[in-house]
Protein chains: 2
Amino acid sequence: MPPVEIRNTLKDHGLRVTPQRVAVLQAIMELRDHPTAEQVIDFIKAKNPNIAVGTVYKILEMMVENGLIRKVKTDRDVMRYDTVIESHHHLYCHDSDRIEDYFDEELDHLLDDYFKGKKIPGFSIQDIKLQIVGKFSKTNK
Amino acid sequence: MPPVEIRNTLKDHGLRVTPQRVAVLQAIMELRDHPTAEQVIDFIKAKNPNIAVGTVYKILEMMVENGLIRKVKTDRDVMRYDTVIESHHHLYCHDSDRIEDYFDEELDHLLDDYFKGKKIPGFSIQDIKLQIVGKFSKTNK
DNA sequence: GTGGTTGCAAACCCTTTGCACGGCA
DNA sequence: TGCCGTGCAAAGGGTTTGCAACCAC
């Protein structure tokens, strides 16, 4: 995603455009594999060593609150970030700690239909997220 | 669960029985709602102020490794624990940070069938966990 | 101009670790 | 008795916070 589009994304959400914010968003997109805050920081520091750790954390939190990115958590303990905003599922491998987004409309419909017929007492559903745990084959990526 | 059964649970897993271990397991069971380590510690300290924080963390980790309990993670950042070992799903409410276990064999079969017919390229599935996000109705619990 | 942002460093919180003592088998 | 488990306190790692200087609007 070119910088211009990133700036517009920020503007569209009514947020000020600063070099740091552009850099953070760009970093998450280029890193792709649900990077940690640390990975984002390292990525940015390579070109722009002056950025502060605290700033990146503040920006990440701000973007999550404004719906530009999402938090993802595995069974390990560091927070990770995802640029994909639409509802989707995750493939996860314990061994490699790798996360991959998984989209499946057919599955979503199946689940929709299922829970249309079967209500859960005392609970109203807003979103359903699958964590599909398993192993990636080594040749992949 | 009476203390005697808890002791047997430990023995069955080839673990030594100590008062601290019994207390931790009992605490998680009585607290029910997927307690944090801190909640477990507070619960135990009410009766037995001498237990050490580090000890509880060591015991929790040990029990996870031995399959007596499970770690549960939300988008917030503290670890929580679950006594339910069998594969199951979670109902989760962001507002209250409440987690409830959800069992649904019919759903499990539906998913099994679905993924029997539809393989995911480059990935072999071991387990599927749903995080059903929504709201608990206020009357419930 | 001015109020939101940044950089910096210290503080924070949860969790882990090291080690000497103590207790289960 | 021997060794694992515990208590304690300090360290660790990731994240948050306070505040003065700064800059986008």
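To find a chain, count down the sequence lines: A is the first, B the second, and so on, and within it residues start at 1.
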* ILVMFWY cluster membership beyond A:Val133 - transitive side-chain contacts under 4.5 angstrom -> none
* Structure fact -> Residues passing the side-chain hydrogen bond (donor to acceptor under 3.5 Å, both in side chains) test with B:Arg80, sequence neighbours excluded, are B:Asp97
* **Under-4.0 Å side-chain N/O to phosphate OP1/OP2 contact, A:Tyr57 with D:dT15** => yes
Donor-acceptor pairs are to be reported for all side-chain atoms of residues 17-25 of chain A against protein atoms at under 3.5 Å, with residues two or more places apart or in another chain.
unit_1: A:Thr18; atom_1: OG1; unit_2: A:Arg21; atom_2: N; d: 3.2
unit_1: A:Arg21; atom_1: NH1; unit_2: A:Arg16; atom_2: O; d: 3.1

* To do: Would you mind telling me which residue lines up with the more 5' stretch of DNA chain C, B:Val53 or A:Met62, judged by nearest nucleotide?
  => A:Met62
* List for me each residue that meets side-chain contact (heavy atoms from CB on, under 4.5 Å) alongside A:Ser87, sequence neighbours excluded, and say none if there are none. => A:Asp127
* Structure fact -> note: B:Asn48, atom CG; D:dC8, atom P; distance rounded to Å ~ 10 Å
* Asked: If we fit an axis to the first five pairs and another to the last five of the helix from C:dG1-D:dC25 to C:dA25-D:dT1, what angle do they make, to the nearest 10°?
  -> 40°
* **Qualifying ring-ring contact (aromatic ring centres under 6.0 Å, His included) pairs, either residue in residues 11-42 of chain B, two or more places apart** => B:His34-B:His90
* Asked: If you round to the nearest 0.5 Å, how far is CG of A:Asp108 from CD1 of A:Ile128?
  -> 8.5 Å
* **Residue list, side-chain contact (heavy atoms from CB on, under 4.5 Å) with A:Lys71, at least two apart or on another chain** => A:Glu61, A:Val64, A:Met79, A:Tyr81
* Can you give the first and last nucleotides of DNA chain C, 5' to 3', that have an atom under 4.0 Å from a heavy atom of chain B? -> C:dC14 to C:dA25
* To do: Report the residues that fulfil side-chain hydrogen bond (donor to acceptor under 3.5 Å, both in side chains) with B:Gln126, sequence neighbours left out, ordered by chain and then residue number.
  => none
* Please name all residues satisfying side-chain hydrogen bond (donor to acceptor under 3.5 Å, both in side chains) with A:Glu106, sequence neighbours left out, ordered by chain then number. => B:Lys118
Between the protein and nucleotides 2-6 of chain D, list the N/O to N/O atom pairs that are separated by less than 3.5 angstrom.
unit_1: D:dC4; atom_1: O4'; unit_2: B:Arg16; atom_2: NH2; d: 3.3
unit_1: D:dG5; atom_1: OP1; unit_2: B:Arg21; atom_2: NH1; d: 3.3
unit_1: D:dG5; atom_1: OP1; unit_2: B:Arg21; atom_2: NH2; d: 2.9
unit_1: D:dG5; atom_1: O5'; unit_2: B:Arg21; atom_2: NH2; d: 3.4
unit_1: D:dT6; atom_1: OP1; unit_2: B:Thr18; atom_2: OG1; d: 2.6
unit_1: D:dT6; atom_1: OP1; unit_2: B:Gln20; atom_2: OE1; d: 3.4
unit_1: D:dT6; atom_1: O3'; unit_2: B:Gln20; atom_2: NE2; d: 2.7

Let me have the donor-acceptor pairs involving side chains of residues 50-57 of chain B, under 3.5 Å, with sequence neighbours excluded, atom names and distances please.
none

* Structure fact -> Here the distance between atom C1' of D:dG14 and atom CD1 of A:Ile41, to the nearest Å, is 10 Å
